[in-house]
Amino acid sequence: MLKIENLHAEVERKAILKGLNLKVKPGEIHAIMGPNGAGKSTLASVIAGKEDYEVTQGIIELDGEDISELDPDERAHAGIFLSFQYPVEIPGVTVTNFIKTAINESRKAQGLDEMSAKDMLKKIRQKSSLLEIDRKFLSRSLNEGFSGGEKKRNEIFQMAMLEPKLAILDETDSGLDIDALRVVANGVNTLKSSNNAIIVITHYQRLLDHIIPDFVHVLHDGKIVKTGDASLAHELEAKGYDWIKEKIIS
Amino acid sequence: MDLKEKIVSSYVAFEDGVNMNSDVHEIRSKAFQNFEKLGFPSKKIEAWKYTSLNAVLREDYCLFPNKKKTVTLPQVKDHFIHDIDTYKVVFVDGKYSSFLSETTHDNFDVCLMSSALAKPKYKPIIENYFNKVAKQDHLTSLNTAFVKEGAYIHIPRNTEVEKPIQIINFTTGTEDAIMTQPRNLIVVEQNAYVQIIERHQSLTQNAALTNVVTEIFADRYATVDYYKIQNDHTSASLVDNTFIEQQSESTVAVHTFSFGGKVTRNNLNFYQMGKHINSTLKGITIIEGKQHVDHHTLVHHTAPNCESHQDYKGIFNERAVGVFNGKVVVEKDAQKTNAYQQNNNVLVSDRSTINAKPQLEIFADDVKCSHGCTTGQLDEQALFYMQQRGIPKKEARALLMYAFANTVLESVKIPEVKERITKLIAMKLSVRIGFDL
């Protein structure tokens with residue numbers, strides 16, 4: 001589904017990704033772990049197509065199509081979803097109307113008619129109950145004054161509504177208490193199918209107790225330096241990232 | 001011959017067409033002398049520091065068009081709020097169009113200034129209210145000197161006008177350039193209620209200059225809900241001078257939507273003359289190209305326990321220039337005043353400009369006065385976030401701008417006006433999204 005080869009990217013002329021390789025197949029969950037500053041969030045932004053990030057070398061393909069020249073909205077239409085580490089507050093736009101606009105813009109791009117109000121409402125009801133979201137919450141301005149947990153839950157709610165092929169969850173566990181973590185993880189697991197794939201970017205192993213990865217990659221200095229199964233996350237948790245750094249040096 | 005000379009030398013001809021032996025004409029003559037002395041305002045005057053009329057005054061305007069142009073309904077239908085039943089006072093090139101209008105004398109008067117000035121039965125109202133609150137500045141004097149036509153609205157006490165009233169001035173472009181000076185008088189007596197929509201619209205790209213004066217009197221417990229829709233061609237300029245006098249417990253709200261025109265200057269003045277008065281001044285400005293919109297507001301608090309709310313949002317693209325000068329005066333006796341002023345601007349392009357100046361003069365010591373003024377750009381991270389969810393950049397920008405301006409729309413009480421404004425905003429931002437926020 002996703003193929004990244006020899007990816008180099010820079011921000012403001014500073015190289016962050018330095019030859020990264022990653023292959024994700026449908027039905028897989030990949031975890032990307034690593035110390036602060038390793039390039040985890042940069043990788044997420046580069047896949048999503050953020051303007052300030054310049055790809056200097058390498059390829060990014062989704063289902064065999066090069067997406068590296070596409071705008072972020074075109075990548076979203078192709079099926080990429082990024083759950084933001086810091087979701088942006090948009091005063092004056094309600095959660096419901098934002099998601100309506102997002103869905104209908106995607107449908108427009110695919111040459112489909114707008115979703116009927118009835119279907120939209122039904123879908124919103126169904127997906128919001130999955131994430132235990134209160135109806136009042138849906139008429140609030142997007143992310144404005146939301147708690148950390150509400151913001152993350154809202155991200156996964158949007159993911160549920162948009163049904164992406166590839167979802168990238170960037171530090172979705174940060175700012176979540178145990179209950180919210182359980183709700184979010186449960187939502188993600190319910191959305192998971194053999195047709196879609198998930199990349200979980202996290203600093204800690206605790207989210208991976210709930211969303212069990214098929215592969216764990218360790219990102220260090222802009223490259224994936226080690227790949228293993230779920231047990232690698234536990235090993236990292238026990239030994240810390242210095243262990244990896246030392247291993248690389250030796 | 002410059003425009004001032006042309007106007008001055010045309011006065012004798014103008015006098016031929018009006019009744020010179022009237023009190024009104026005495027007022028006209030005085031105003032004429034005043035204009036002769038003052039002329040047009042220049043940028044040297046503080047109140048006109050950021051708005052130059054030079055380019056506007058350079059046109060060779062026809063002052064008294066003779067050619068009668070007929071306008072058909074389909075030509076102008078789009079400029080009305082036509083999906084609701086309304087009273088209409090419509091002028092074409094400064095002349096009343098009975099064909100397009102729908103006036104009334106049942107219970108209340110929605111009719112013409114020309115007949116109100118001429119007929120004895122209106123005399124008491126004219127004597128009491130005409131030119132009583134209008135300032136004697138350059139352009140108001142000019143308007144007063146040539147007073148002849150406009151809308152005359154008189155709502156007696158305890159009358160609730162169920163249909164909104166539309167005052168619309170069309171210029172047809174029959175002349176290469178035309179100057180019109182409508183004069184409106186609106187008297188709303190005790191506990192009466194009225195909604196008014198005002199619009200000035202040219203039908204071609206020919207130059208037009210409108211210098212309009214509107215006087216509004218809201219007696220005790222009266223409510224006036226007023227909307228100004230300004231979306232004219234880039235060849236048309238407008239100086240809108242509105243003067244509002246409010247008595248105790250009255251409520252007046254003016255919403256100004258400025259989406260077009262060459263130079264638009266709004267002089268909006270509220271004079272509170274009693275206690276427990278509520279005044280609302282709100283506006284959305286969205287302009288581009290070389291358009292220029294200037295909002296000069298004044299709220300004069302003279303008595304205790306009154307409120308004023310100002311909320312102006314501006315979005316400026318390309319080389320557009322905006323001005324906001326909001327003056328609030330709180331007199332010594334106006335204790336417990338609650339005056340709120342908000343002015344927020346987004347500069348979409350590097351070359352657009354906003355000159356914002358809040359001005360508070362407070363002489364009372366127990367008051368709540370707040371003002372906030374911001375100027376910024378669209379949030380890039382918010383744009384990326386919205387794009388990531390599949391909303392293309394243009395639509396994302398439009399949605400952000402609409403959300404930014406939306407606080408002004410929330411208080412629009414006529415749903416069809418709100419819908420029209422929403423459509424105009426979508427058109428201005430060239431997107432086809434619903435904004436049903």
Side-chain angles (χ1 to χ4, degrees), chain A residues 44-45 47-53 70-110 114 117 139 141-144 151 154-155 157-159 161-164 167-168 170, chain B residues 282-284 286 311-315 342-346 348 372 374 376-412 418-419 421-423 425-426 429-437:
Chain A
S45 295
I47 297 172
K50 193 172 183 194
E51 255 173 42
D52 329 341
Y53 293 71
L70 297 183
D71 286 340
D73 48 299
E74 294 169 323
R75 298 188 199 201
H77 299 157
I80 289 177
F81 179 89
L82 169 61
S83 168
F84 280 56
Q85 182 178 1
Y86 304 108
V88 184
E89 298 191 3
I90 304 181
V93 181
T94 64
V95 175
T96 304
N97 286 308
F98 180 69
I99 198 67
K100 268 191 207 167
T101 308
I103 285 181
N104 284 329
E105 288 297 331
S106 287
R107 290 178 67 93
K108 212 197 276 177
Q110 288 155 24
E114 291 197 349
S139 56
S141 277
L142 189 66
N143 293 321
E144 194 183 31
K151 281 184 182 170
N154 180 35
E155 291 292 280
F157 164 67
Q158 293 183 45
M159 171 183 162
M161 291 295 295
L162 292 164
E163 299 173 342
I168 305 161
D170 188 6
Chain B
K282 291 191 173 192
I284 299 176
I286 305 177
D311 184 4
Y312 281 84
K313 300 278 195 272
I315 297 169
Q342 187 74 31
N343 170 231
N344 308 101
N345 304 292
V346 172
V348 181
T374 62
Q377 271 127 12
L378 289 179
D379 181 352
E380 288 294 327
Q381 185 66 9
L383 284 175
F384 174 55
Y385 183 80
M386 296 169 95
Q387 276 187 281
Q388 205 300 304
R389 299 295 141 91
I391 304 173
K393 195 165 192 177
K394 198 167 89 177
E395 279 73 14
R397 293 171 80 101
L399 198 58
L400 275 185
M401 290 191 255
Y402 183 79
F404 164 77
N406 196 30
T407 53
V408 171
L409 282 178
E410 279 166 3
S411 51
V412 172
K418 198 178 202 168
E419 201 179 301
I421 298 302
T422 302
K423 273 189 195 150
I425 292 177
L429 305 175
S430 37
V431 289
R432 294 184 57 187
I433 48 178
F435 295 131
D436 52 342
L437 302 177

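In what follows, every chain begins at residue 1, and chains take the letters A, B, ... in the order their sequences are listed.
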Residue [X] versus chain B: region with a heavy atom under 4.5 Å:
X      : value
A/L142 : side chain
A/P164 : neither
A/L82  : both
A/E74  : neither

* To do: Find the one option among A/I90, A/I103, A/D52 whose heavy-atom pairs under 4.5 Å with chain B are most numerous.
  => A/I90
* To do: Return the set of residues passing side-chain contact (heavy atoms from CB on, under 4.5 Å) with A/S45 (not counting sequence neighbours), or none when no residue passes.
  => A/K50, A/Y53
* **Partner set under side-chain contact (heavy atoms from CB on, under 4.5 Å) for B/P392, not counting sequence neighbours** => A/D73, A/E105, B/E395
Say you draw a straight line from [atom1] of [X] to [atom2] of [Y]; how long is it, rounded to the nearest 0.5 Å?
X      : Y      : atom1 : atom2 : answer
B/R389 : A/T101 : CZ    : OG1   : 13.5 Å
B/Q388 : A/F81  : CD    : CZ    : 6.5 Å
A/F98  : B/L399 : CZ    : CG    : 7.5 Å

* Between B/F384 and A/G49, what is the shortest heavy-atom contact and its length? -> CE1-C, 4.1 Å
* Asked: What pair of heavy atoms forms the shortest contact from A/H77 to B/G390, and how long is it?
  ->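 So the minimum-distance heavy-atom pair works out to NE2-O, 2.7 Å.
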* By a 4.5 Å heavy-atom criterion (distance strictly below it), what part of B/L383 contacts chain A: side chain, backbone, both, or neither? -> neither
* Asked: Under 6.0 Å from the CD atom of A/E144, do we count more than 12 heavy atoms belonging to anything else shown?
  ->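 Atom CD in A/E144 is packed in, count exceeds 12.
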* To do: Over 60° means perpendicular and under 30° means parallel, so classify the ring planes of B/Y385 and A/F84, tilted if in between.
  =>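 Taking B/Y385 first and then A/F84, their aromatic rings stand perpendicular (interplane angle over 60°).
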